[in-house]
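Quick caveat: nothing in here was measured; it's all calculated off a predicted structure.
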Amino acid sequence: MNNEKTSMDRRSFLKGAFATGAVATAAVTGVGTLAGCAAQPKEGKAGASASDSKAAGGAYEFETAPDPIPEGDIKETVDADVVVIGAGFSGLCCALAAAENGANVVMLERMDHVIGRGGSIYAMNSKLTKEKGYECSVEEVAQRYKRMMGYHSYRVDGRKWMLHFNRSGEAMDWLIDRMTTASSVGGDDLTPVMEHWYEDPENINGEFPGTHEFLDGPNGKGPDDNPQQDVCANMALYCEKAGVDIRYETEAQQLAKDGDKVVGVVAKGKDGYVRFNGKNGVVIATGDFGQDKDMLEKFIPWAAHQTEFGGIWNGSGHKMAYWAGAAVDKSETPAPMIFCFQWRSITRQVRAFQGLMVNEDGRRYDNEDNVISHGGLALMHQKGNHAFAIWDDDYANEPGWQNHRYVDGPKVFDTPDDVRAYWQTVVDGPGTINMNGSGDIPVKMIKADTVEELVEKLGLPRDETLKTIEAYNGYCDAGVDEEFGKRKELLPIKKGPFYGIECTPWFLSTTGGIRCNEDLQVMNADDEVIDGLYCLGSTVGDMYTNCYSTHFPGHNLGGTCLTFGYVTGRKLAGAE
């Protein structure tokens with residue numbers, strides 16, 4: 001795309017959009033839940049060309065605000081202190097924190113129930129992390145943040161990151177207290193556990209401790225389940241007990257303004273349009289925009305054509321914010337979550353793959369030691385946007401497989417034979433797995449008695465691939481990787497049976513898209529606050545650039561959802 005097409009003129013968005021001055025225009029496609037706590041993905045391939053849907057003059061359809069909903073079509077007006085749009089994890093946290101502190105809260109959800117997705121929630125210095133011996137000082141977190149902000153090219157909001165550090169332990173303790181006693185509101189009592197993390201022997205691309213999960217509910221028995229569904233279901237029950245007016249099957253469509261201030265939202269329910277006024281604020285907690293091909297094309301074209309799956313929601317909350325004057329992230333490129341989940345199917349852990357990676361030409365292309373997010377991005381530079389993992393029977397003896405999924409929990413595998421038995425179930429399996437409610441991911445593991453047979457079954461060029469394997473084995477024998485300098489603990493491809501799997505980048509969702517300050521107040525292109533409008537969850541801009549990293553596994557759920565939702569709810573209720 002050229003600069004003329006990709007530059008966004010917010011003032012042209014607004015021309016004629018607020019002619020009435022009373023009711024702001026908004027998205028007509030509806031509002032969903034938070035990306036970290038969202039519905040099953042829609043069908044279809046992300047990133048198809050969106051040029052046909054551009055309006056005259058080269059603008060995308062979402063850049064043109066629709067006409068305001070006529071006042072005469074609005075059947076009812078509901079007054080509240082706080083209106084939360086979207087009953088995902090961030091919206092639920094905000095609504096409950098506000099209601100518990102005396103606010104009158106209405107929460108709008110277009111679906112007929114709340115749906116959670118995932119389960120990894122990152123928090124520092126919670127009572128659980130302290131109990132396990134992982135309390136973190138300001139100096140320690142500064143070192144972590146310096147590394148991580150470097151991965152994001154320092155194009156992130158340091159104040160928001162420090163808000164997460166300073167308040168995430170408090171917010172997590174608040175959540176733990178409720179999840180462990182949820183039977184008091186008719187829910188399921190859950191067990192908080194702390195996930196283990198990938199420890200890079202070189203201390204470069206490792207992960208950091210602090211990721212929480214809540215297990216033992218009907219949907220969260222283990223690592224392949226979807227424990228966040230149980231968390232969100234419990235939160236909805238707590239919200240109801242606290243007096244939150246949850247309006248299911250109610251689709252927010254237009255923000256309402258009084259001059260420059262956002263004062264409410266017009267939504268469509270079963271009986272028609274209702275205007276919900278929020279005296280203290282309106283909170284957008286509507287998830288990602290990965291299902292809107294135009295928005296992908298506009299904001300992250302480098303990722304829009306790379307993957308089979310583009311996210312969960314259609315960015316309706318983003319659009320409402322833009323038409324109310326909001327700006328996009330200062331980097332102007334919201335960050336996608338892109339992972340390589342096939343690595344997870346090899347190890348049953350979210351960690352690096354230590355074996356050999358080749359592209360479809362049968363050649364190595366990078367140092368294979370990487371986390372699941374950055375490794376997924378590396379795949380996107382290869383022909384066909386994919387590559388192939390190759391390993392042998394001795395890979396089962398790698399000590400890391402005898403690691404723990406949870407701190408103080410059982411080992412992932414007790415013995416190397418357990419690893420081999422697991423691989424066989426994947427080889428014999430249906431060729432897909434479902435990852436924590438993120439959709440069915442292709443996982444077709446190949447097993448062969450000889451390297452030549454494996455190369456043939458993977459569809460790779462015989463001579464070039466065998467040459468690559470021979471060279472790689474030589475590096476393993478010598479303890480020096482002459483191509484990419486991979487650490488000397490290399491794992492050769494020598495002992496059969498041999499294994500391989502096609503690895504593809506998986507576009508999970510988008511993060512960011514709405515500019516806001518550390519108080520989560522939405523801002524315009526001049527960095528001026530739009531009074532009355534807030535954003536949470538995967539809409540929060542300037543948290544990540546380049547890509548969403550797994551070095552803090554669950555940072556989005558723990559930061560923009562839990563911590564920011566908890567703090568914002570308290571502030572809107574006047575508790576701080």
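- Under the 4.5 Å side-chain criterion, counting only non-hydrogen atoms from C-beta, Asn125 is in contact with Lys130.
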task: Could you please spell out the steps behind the side-chain contact (heavy atoms from CB on, under 4.5 Å) verdict for Val540 and Cys516?
output: CA-CA 7 Å; Val540 174; Cys516 61; 3.7 Å; yes
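- For the pair Lys298 and Phe289, the minimum side-chain heavy-atom distance is 4.5 Å or more.
- Pairing each heavy atom of Gly317 with each of Ile284, the nearest pair is O-CD1, 3.6 Å.
- In summary, the side chains of Asp79 and Asn277 do present a donor paired with an acceptor at a separation below 3.5 Å, with no hydrogens or angles considered.
- A donor-acceptor pair under 3.5 Å links the side-chain atoms of Asp288 to the main chain of Ile312, judged by distance alone.
- Of the inter-residue distances, the one linking Phe564 atom CZ with Leu163 atom CG reads 5.0 Å to the nearest 0.5 angstrom.
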field: side-chain contact (heavy atoms from CB on, under 4.5 Å) between Cys94 and Met107, intermediate numbers included
entry: CA-CA 10 Å; Cys94 180; Met107 184 161 54; over 6 Å; no
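- Here the rule is side-chain contact (heavy atoms from CB on, under 4.5 Å) with Val105, and of Val283, Val244, Asp81 only Val244 fits it.
- In this view, Thr77 satisfies the side chain to side chain donor-acceptor pair (under 3.5 Å) rule with no residue, not counting sequence neighbours.
- Closest non-hydrogen pair, Ala326 versus Val522, comes out as CB-CG1, 3.4 Å.
- Nearest approach of Asp329 to Ile514, heavy atoms of both residues: OD1-N, 3.6 Å.
- Although no hydrogens or angles enter the test, the distance criterion places a donor-acceptor pair under 3.5 Å between the side chain of Asn517 and the main chain of Asp519.
- Side-chain N or O atoms of Asn219 include none that pairs as donor or acceptor with a backbone N or O of Asp230 at under 3.5 Å.
- The closest donor-acceptor contact from the side chain of Asn524 to the backbone of Ala327 lies at 3.5 Å or more, if one exists at all.
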query: Run the side-chain contact (heavy atoms from CB on, under 4.5 Å) check on Val78 and Arg247 step by step: do they pass?
result: CA-CA 11 Å; Val78 176; Arg247 300 290 183 105; 3.8 Å; yes
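- Atom OG1 of residue Thr545 and atom NZ of residue Lys330 lie 13.5 Å apart, to the nearest 0.5 angstrom.
- Judged as a side chain to side chain donor-acceptor pair (under 3.5 Å), and not counting sequence neighbours, the contacts of Arg144 are Tyr122.
- Between Phe62 and His318, a ring centre-to-centre spacing not shorter than 6.0 Å is recorded.
- With contacts defined as side-chain heavy-atom distances shorter than 4.5 Å, the pair Asp542/Arg515 qualifies.
- Checked by atom type and distance alone, the side chain of Glu109 pairs as donor or acceptor with a backbone atom of Ala87 at under 3.5 Å.
- Taking the six-membered ring where tryptophan is involved, the planes of Phe552 and Trp161 are perpendicular, since the angle between them exceeds 60° and thus also 30°.
- A distance of 10.0 Å separates OG in Ser183 from CG in Leu190, rounded to the nearest 0.5 Å.
- At least one side-chain heavy atom of Leu377 sits under 4.5 Å from a side-chain heavy atom of Trp302.
- The structure places OG of Ser331 at 11.0 Å from NE2 of His152, a figure rounded to the nearest 0.5 Å.
- For the salt bridge (Lys or Arg N to Asp or Glu O under 4.0 Å) condition, the pairs that include at least one residue of residues 167-182, sequence neighbours left out, are Glu100-Arg178, Lys127-Asp177, Arg167-Glu170, Arg167-Glu576.
- Two residues are said to be in side-chain contact when any heavy atoms from C-beta on lie closer than 4.5 Å; Glu213 and Gln228 fail this criterion.
- Residues forming a ring-ring contact (aromatic ring centres under 6.0 Å, His included) with Trp174 (at least two apart in sequence, or on another chain): Tyr566.
- With sequence neighbours left out, Thr181 forms a side chain to side chain donor-acceptor pair (under 3.5 Å) with Tyr238.
- One distance of note links CD of Gln254 with CE of Met320; it measures 9.5 Å at 0.5 Å rounding.
- In this structure, the side chains of Leu108 and Val83 come closer than 4.5 Å at one or more pairs of heavy atoms.
- Judged by distance alone, the side chains of Asp216 and Thr191 do bring a donor and an acceptor atom under 3.5 Å apart.
- Using a distance-only test at 3.5 Å, with no hydrogens or angles considered, no donor-acceptor pair links the side chain of Ser126 to the main chain of Met124.
- Across all non-hydrogen atoms, the minimal contact from Ala98 to Ala573 is O-CB, 3.5 Å.
- Between Tyr548 and Thr510, every side-chain heavy-atom pair lies at or beyond the 4.5 Å cut-off.
- No donor-acceptor pair under 3.5 Å is formed between the side chain of Thr333 and the backbone N or O of Ile300.
- In terms of modelled atom types and a separation under 3.5 Å, the side chain of Asp225 and the main chain of Lys221 share a donor-acceptor contact.
- From Asn546, atom CG reaches atom OG of Ser373 across 11.0 Å, with rounding to the nearest 0.5 Å.
- Met337 places none of its side-chain heavy atoms less than 4.5 Å from the side chain of Tyr544.
- The number of heavy atoms from other shown groups lying within 6.0 Å of CG (Asp527) is above 12.
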Could you pull out every donor-acceptor pair under 3.5 Å between side chains of residues 260-269 and any protein atom, sequence neighbours left out?
none

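- A donor-acceptor pair shorter than 3.5 Å can be found between the side chains of Asn556 and Thr560.
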message: If you apply the rule side-chain contact (heavy atoms from CB on, under 4.5 Å), what do you find for Met172 with Leu175, and how did you get there?
response: CA-CA 5 Å; Met172 179 57 72; Leu175 184 65; 4.2 Å; yes
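- Remark: side-chain polar atoms of Thr211 are paired, donor with acceptor, to backbone N or O of Pro553 under 3.5 angstrom.
- The minimum heavy-atom distance between Ser549 and Met148, with the atom names listed, is OG-CE, 3.4 Å.
- The nearest pair of heavy atoms linking Asp294 to Asp292 is N-OD1, 3.0 Å.
- Put simply, the side chain of Glu76 never gets that close to the backbone of Gly272: no donor and acceptor are under 3.5 Å apart.
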